[in-house]
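Each chain gets a letter, A, B and so on, in the order the sequences are listed, and its residues count up from 1.
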Amino acid sequence: MRLGRTLASGQAFRWKWDTEGRDVEIAVGVVGRHVLRLAQDARGLWLLSPDTPDARASVLRYLGVSGGGGAGIRRVEAGLAQDAVLARILSHTAGIGLLAQDPWEVLISFIISANNNIPKIIQSVDRLAQSLGEPLENGAHAFPTPDRLAAARPRTLAVCLLGYRAPYVRAAARLVAEGRIDLGGLARIPPDEAREQLLGIRGVGVKVADCIALFGLRHTTAFPVDVWVRRAVERLYFRGRQRTLKEIQAFARVRFGPLAGYAQQHLFAYARSHLHRVRR
DNA sequence: ACCCAGGTGAGGG
DNA sequence: CCCTCACCTGGG
């Protein structure tokens, strides 16, 4: 697993790079109540702080490297490489892992992501944590709990620059806070059922539902289609011909099966770095 | 002044 | 189903 590629792959919004006065970059991020500082070099992955058993367990679970080391991702990429297109792409994107994130945080973060840009998504999530999350060390804050977010005043949400998404965020927080939706339970039911339930949440459309399924529930059949993935699929598999969303999802399902979510990660990363935009 | 950004919801064919 | 449009907001 390549730490840098994984944390910068767009699945999580709470990581920053601290490169000041060092020869290796240090990733600083908040996972649960831990403010983690991670680094990776030729010898391996390092948890610089906090150096506690609890934090270690947290990191291993979050990065999905516990039990089997890098064997999991190796097997996944071997499977993906059966596809000639992905085999070529992997030379640029290998090492992107799937994080095990809190579905609640994923739900809210990706409602915010709709029709938005990544720097601003990060800013909004930061401000939500700052204004509603539990204070942690060094001025960092945990992601807000459903209760706190559900009870947030409009004034507070306005500071977070959510725009027209603010009512969606608050309503979703209420659903979770009041127990009217059980995010943990969604991970244990068939992916299609989980997807339907997620689509019932205002502000959650097909793309966001698939992101929650993949990044929060770890349903790896999910294949979130955003503009970049659509671009990659149309260009690399359909000779640049336009396809409908349904066609792309059907294609991904039969072509990649349970590896679809991983395939999406690589196609997304490749598109962002190699497939520039063209006007239609 | 506009257009864009990891889409969604409403309204119509 | 598929298509079209408006949409908070900050940055080109």
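Rounded to an integer number of Å, the gap from CG of A/Leu199 to P of B/dG7 is 16 Å.
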Please tabulate, for the side chains in residues 184-195 of chain A, all donor-acceptor contacts under 3.5 angstrom to protein atoms that are two or more places apart in sequence or on a different chain.
| unit_1 | atom_1 | unit_2 | atom_2 | d |
| --- | --- | --- | --- | --- |
| A/Arg188 | NH1 | A/Gly184 | O | 3.4 |
| A/Arg195 | NE | A/Asp210 | OD1 | 2.8 |
| A/Arg195 | NH2 | A/Asp210 | OD2 | 3.3 |
| A/Arg195 | NH2 | A/Gln249 | OE1 | 2.8 |

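The aromatic rings of A/His92 and A/Tyr270 lie tilted to each other, with the angle between the two planes from 30° to 60°.
Residue contacts shown for A/Gly163 include a base, since a base heavy atom lies under 4.0 Å away.
Rounded to whole Å, the separation between the P atoms of B/dG9 and C/dG10 comes to 23 Å. Taking atom C1' in both B/dC3 and C/dA6, the straight-line distance is 15 Å, to the nearest Å.
Near-neighbour residues of DNA chain C inside residues 102-119 of chain A, defined by a heavy atom below 4.0 Å, number-ordered: A/Asn115, A/Asn117.
Along DNA chain C, read 5' to 3', the first and last nucleotides having any atom under 4.0 Å from a heavy atom of chain A are C/dC1 to C/dG10.
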Dot-bracket encoding of pairs in DNA chain B, which uses [ ] for pseudoknotted crossings and | for another strand, Watson-Crick or G-U under 3.5 angstrom: .||||.|||||||
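Within the 4.0 Å cut-off from OP1 or OP2 of B/dG6, at least one side-chain nitrogen or oxygen of A/Arg272 is found.
The other members of the hydrophobic cluster of A/Leu48, by chain and number, are A/Ile26, A/Val28, A/Val30, A/Val35, A/Trp46, A/Leu136 (side-chain heavy atoms under 4.5 Å, ILVMFWY only).
With sequence neighbours excluded, the residues satisfying side-chain contact (heavy atoms from CB on, under 4.5 Å) with A/Ser109 are A/Phe13, A/Glu105, A/Val125, A/Phe143.
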